[in-house]
Each structure stands twice: as C-alpha cells, then as structure tokens.
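Heads up: the structure comes next, in structure tokens.
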Amino acid sequence: MIAASNLTYRVGKKALFEDVNIKFTEGNCYGVIGANGAGKSTFLKILSGVLEPTNGEVVMTPGQRLSVLEQDQFKYDEYTVLDTVIMGNKRLYDIMKEKDAIYAKPEFSDEDGMRAAELEAEFAAMDGWNAEADAETMLNGLGIQTELHYKMMNELKGSEKVKVLLAKALFGNPDILLLDEPTNHLDLNSIEWLEEFLINFENTVIVVSHDRYFLNKVCTNIADIDYGKISLFAGNYDFWFESSQLIIRQQKEANRKK
C-alpha cells in the first residue's frame with residue numbers, strides 16, 4: 001500500500017496539488033490521467049520520493065519495495081544489460097556482487113566463510129538462483145534478444161535501452177510499481193507483453209499513460225487529476241469516461257433546474 005496524506009505541492013504561488021488524500025492498494029492497477037500540465041509525472045515523482053511535497057506526506061507499508069521506471073538512458077552505460085535489469089532489486093544485486101568479491105579473493109579467511117554463508121542464505125531466500133533466468137525472460141519478452149544480454153548498455157540503441165530500463169523496473173516482483181509512459185518507444189509485440197505482465201501482476205501498479213487502449217486493457221482504477229485534486233474511479237478508462245460524462249450531464253441538469 002502507498003498513500004498520499006493531506007498532500008500539497010506548490011510551484012511558486014501555484015498549488016499543483018492541494019490537500020490530496022488518496023490510497024493505492026495491492027492487487028490494483030491505477031491509471032493516472034489528466035490534462036497536460038496537470039501534474040501526472042510530478043505526482044509519480046512525489047510518490048517515489050524524488051520530489052518533496054510542500055505539505056503532507058507519502059506513506060508506504062513498512063518493508064515494501066518500490067520500483068520506478070527510470071528515464072535516464074545513459075545512467076547504466078558502464079554496466080551489462082543483464083546486470084542493469086537485476087539492479088532493479090538493489091539488495092539482491094548487492095548480495096551477488098559481494099559474494100563474487102569474496103569468492104574472487106586469493107585467500108579465504110574464516111570471516112569470509114561466515115559472511116559468504118550469510119549471503120548465500122539471504123540470496124537463496126530471495127530466489128537469487130533464478131535471478132538471471134527471470135531477467136532474461138523479461139528481456140526476451142520485450143524483444144531484447146539473448147545475444148544482447150551480456151553487451152554493455154552503451155552498445156545498445158536508444159529504443160533498446162528503454163526496454164532494458166522497463167525490464168529493470170519490473171524485475172524482482174516489486175510491491176509497488178510506478179510507470180511513467182511505459183509504452184513510449186515500444187513496438188506492438190512489446191506492448192502486448194507488458195499488458196499481459198501487468199494484468200497478471202498481483203501487487204500495486206500506478207501508471208501514467210496517454211495510450212487509452214493500454215489503460216483500458218490493464219487498469220482496474222483511474223485516478224483523475226483535475227484542478228489540484230485527484231478523484232478515484234473504479235474501472236478502466238472507458239468506464240471513467242462514461243462516469244465523468246454522466247457527472248457533467250447531472251451537473252448541467254442541476255444548474256438548469258436552479
């Protein structure tokens with residue numbers, strides 16, 4: 001679970017959000033919509049901790065792991081494609097590298113042996129032995145062929161890097177997944193794979209997208225940003241559209257009667 005409590009965010013004198021209270025729960029995919037400039041991407045940055053709210057707070061269930069689709073295509077240029085994906089679960093990646101460093105030592109002390117045993121136990125508990133296979137399955141699903149998996153990120157084309165960063169965000173079954181325009185630069189097959197992944201994903205997804213078909217396919221709820229408030233609607237994009245049109249008609253009728 002992740003929630004915004006009495007959240008306000010100001011840019012100069014303008015309040016982009018004002019006293020927003022909203023909760024996102026497990027098992028749901030929330031599509032964040034609103035006019036250009038309404039603050040959709042800014043809201044995701046606040047949820048992820050990249051931006052600090054002016055007032056209020058963001059609350060997460062203790063111990064849960066949040067994963068974000070990053071936009072910087074050059075950040076991981078010095079890493080292999082496979083390592084970049086596994087970095088999506090930082091603790092697992094850190095364990096792998098620490099284990100490798102211990103086993104690479106020419107002399108192996110008792111302390112090294114004890115530490116290695118601790119790491120191996122945690123690694124097994126995190127299903128680390130399947131990490132590379134899981135990462136490769138995601139990359140293949142998104143159209144990154146096996147021969148690219150051990151290439152350096154700086155050897156990939158921009159469209160390929162976008163797919164790797166998406167696989168990184170999805171990797172390791174995060175508890176909360178934040179996706180800002182995930183279908184940008186994806187081909188049709190990759191979009192279909194992503195749709196299927198999100199439909200079967202059992203945790204919390206919050207996604208910003210202008211792709212109405214995509215939102216219809218994956219979303220269980222719509223979060224509509226309008227005039228500094230966020231209204232939550234059950235159902236996909238089409239259901240939200242019908243509901244919002246009904247509300248407008250009811251308001252017009254009420255005004256006519258007055």
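Lys99 places no side-chain N or O within 3.5 Å of a backbone atom of Ala116 that could act as its donor or acceptor partner. Here the side chain of Glu26 pairs a donor or acceptor atom with the backbone of Met1 at under 3.5 angstrom. Checking side-chain atoms of Ser67 against main-chain N and O of Leu177 turns up no donor-acceptor pair under 3.5 Å. In terms of modelled atom types and a separation under 3.5 Å, the side chain of Asp112 and the main chain of Ser109 share a donor-acceptor contact. Using modelled atom types, one side-chain atom of Thr220 and one backbone atom of Cys29 make a donor-acceptor pair closer than 3.5 Å.
Between atom NE2 of residue His210 and atom CG of residue Leu215 there is a gap of 9.5 Å, rounded to the nearest 0.5 Å. Taken to the nearest 0.5 Å, the CZ atom of Phe201 stands 11.0 Å off from the CG atom of Leu194. The structure places CD of Glu160 at 10.0 Å from CE of Met153, a figure rounded to the nearest 0.5 Å. Separating the OG1 atom in Thr42 from the NZ atom in Lys45 is a distance of 6.0 Å, to the nearest 0.5 Å. Annotation: the span from Tyr30 atom OH to Ile230 atom CD1 amounts to 12.5 Å, rounded to 0.5 Å. To the nearest 0.5 Å, atoms OG1 (Thr137) and CZ (Phe197) are separated by 11.0 Å.
The nearest pair of heavy atoms linking Ala223 to Ile22 is CB-CD1, 4.3 Å. Ala135 and Ile86 make their closest contact through CB-CG1, 4.2 Å (heavy atoms, listed as atom of the first residue, atom of the second, distance). The shortest non-hydrogen separation linking Arg10 to Lys13 is NH1-O, 3.8 Å. Closest of all the heavy-atom pairs between Gly113 and Phe108 is CA-CE2, 3.5 Å. Ala3 approaches Lys23 most closely through the heavy-atom pair CB-CA, 3.9 Å. Taking both residues in full, the closest heavy atoms of Gly228 and Val20 are given as O-CG2, 3.6 Å, listed atom of the first, atom of the second, then distance.
Hydrophobic clustering of Ile, Leu, Val, Met, Phe, Trp and Tyr side chains at less than 4.5 Å, counting indirect connections, unites Leu165 with Phe214. Note: the hydrophobic cluster containing Ile33 does not contain Leu232 (ILVMFWY, side chain heavy atoms under 4.5 Å, direct or indirect links). Under the 4.5 Å side-chain heavy-atom criterion for Ile, Leu, Val, Met, Phe, Trp and Tyr, Leu69 and Leu66 are members of distinct hydrophobic clusters. Note on Leu139 and Leu188: separate hydrophobic clusters, where clusters join Ile, Leu, Val, Met, Phe, Trp and Tyr whose side-chain heavy atoms are under 4.5 Å apart, directly or indirectly. Note: the hydrophobic cluster containing Tyr93 also contains Tyr150 (ILVMFWY, side chain heavy atoms under 4.5 Å, direct or indirect links).
Under the 4.5 Å side-chain criterion, counting only non-hydrogen atoms from C-beta, Thr54 is in contact with Tyr9. Here the side chains of Phe24 and Ile176 are not in contact, with every heavy-atom distance at 4.5 Å or above. Contact check for Phe171 versus Met87: no side-chain heavy atoms found under the 4.5 Å cut-off. Contact check for Asp19 versus Lys229: side-chain heavy atoms found under the 4.5 Å cut-off. Residues Leu148 and Val164 are not in side-chain contact: their nearest non-hydrogen atoms beyond the backbone lie 4.5 Å or more apart. Considering only heavy atoms from C-beta on, Arg91 comes within 4.5 Å of Glu122 through its side chain. For the pair Val207/Leu198, no side-chain contact is recorded, criterion being any heavy-atom separation below 4.5 Å from C-beta on. The closest side-chain heavy-atom distance from Val58 to Ile46 is below 4.5 Å.
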Without placing hydrogens or testing angles, list every side-chain donor-acceptor pair under 3.5 Å for residues 78-85, not counting sequence neighbours.
from: Thr80; atom 1: OG1; to: Asp83; atom 2: N; distance (Å): 3.1
from: Asp83; atom 1: OD2; to: Lys97; atom 2: NZ; distance (Å): 3.3
from: Thr84; atom 1: OG1; to: Thr80; atom 2: O; distance (Å): 2.8

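By the neighbour-count criterion of 12 heavy atoms within 6.0 Å, atom CD of Glu52 is sparsely surrounded, having that number or fewer from other residues, nucleotides or ligands. Counting non-hydrogen atoms of other residues, nucleotides and ligands closer than 6.0 Å to OH of Tyr227 gives a total of 12 or fewer. Environment of NE2 in His185: sparse, with no more than 12 heavy atoms of neighbouring residues, nucleotides or ligands closer than 6.0 Å. Heavy atoms of other residues, nucleotides or ligands lying less than 6.0 angstrom from NZ of Lys90 number 12 at most. Counted within 6.0 Å of OH on Tyr213, heavy atoms from surrounding residues, nucleotides or ligands total 12 or fewer; the atom is thus considered open.
Using a 4.0 Å cut-off between a side-chain N of Lys or Arg and a carboxylate O of Asp or Glu, Arg115 and Glu118 qualify as a salt bridge. Note on Lys40 versus Asp180: no salt bridge recorded, every NZ/NE/NH1/NH2 to OD/OE distance being 4.0 Å or above.
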Q | Verdict with supporting geometry, Val208 and Glu181, side-chain contact (heavy atoms from CB on, under 4.5 Å) | A | CA-CA 5 Å; Val208 170; Glu181 298 291 356; 4.1 Å; yes
Q: Start with the C-alpha gap between Ser209 and Thr183, add the side-chain angles, then the distance that decides, and say whether side-chain contact (heavy atoms from CB on, under 4.5 Å) holds.
A: CA-CA 8 Å; Ser209 178; Thr183 60; 4.2 Å; yes
Q) Would Leu47 and Met60 count as a side-chain contact (heavy atoms from CB on, under 4.5 Å) if you check the C-alpha gap in whole Å, the side-chain angles of each, and the deciding distance to 0.1 Å? A) CA-CA 9 Å; Leu47 291 179; Met60 265 179 60; over 6 Å; no
Q.
Let's go through Leu186 and Leu166 carefully: what are the C-alpha distance in whole Å and the side-chain angles of both, what is the deciding distance for side-chain contact (heavy atoms from CB on, under 4.5 Å) to 0.1 Å, and is it a yes or a no?
A. CA-CA 10 Å; Leu186 293 188; Leu166 178 55; 3.8 Å; yes
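Applying the side chain to side chain contact (heavy atoms under 4.5 Å, CB included) rule to Asn21 yields the partners Ser5, Asn6; only residues at least two apart in sequence or on another chain are considered. Residues that satisfy the side-chain hydrogen bond (donor to acceptor under 3.5 Å, both in side chains) test with Lys217, not counting sequence neighbours, are Glu195. Not a single side-chain hydrogen bond (donor to acceptor under 3.5 Å, both in side chains) links Arg65 to another residue, sequence neighbours left out. Asn173 pairs by the side-chain hydrogen bond (donor to acceptor under 3.5 Å, both in side chains) definition with Asn203, not counting sequence neighbours. The side chain to side chain contact (heavy atoms under 4.5 Å, CB included) test applied to Asn130 returns Asp127, Asp134, not counting sequence neighbours.
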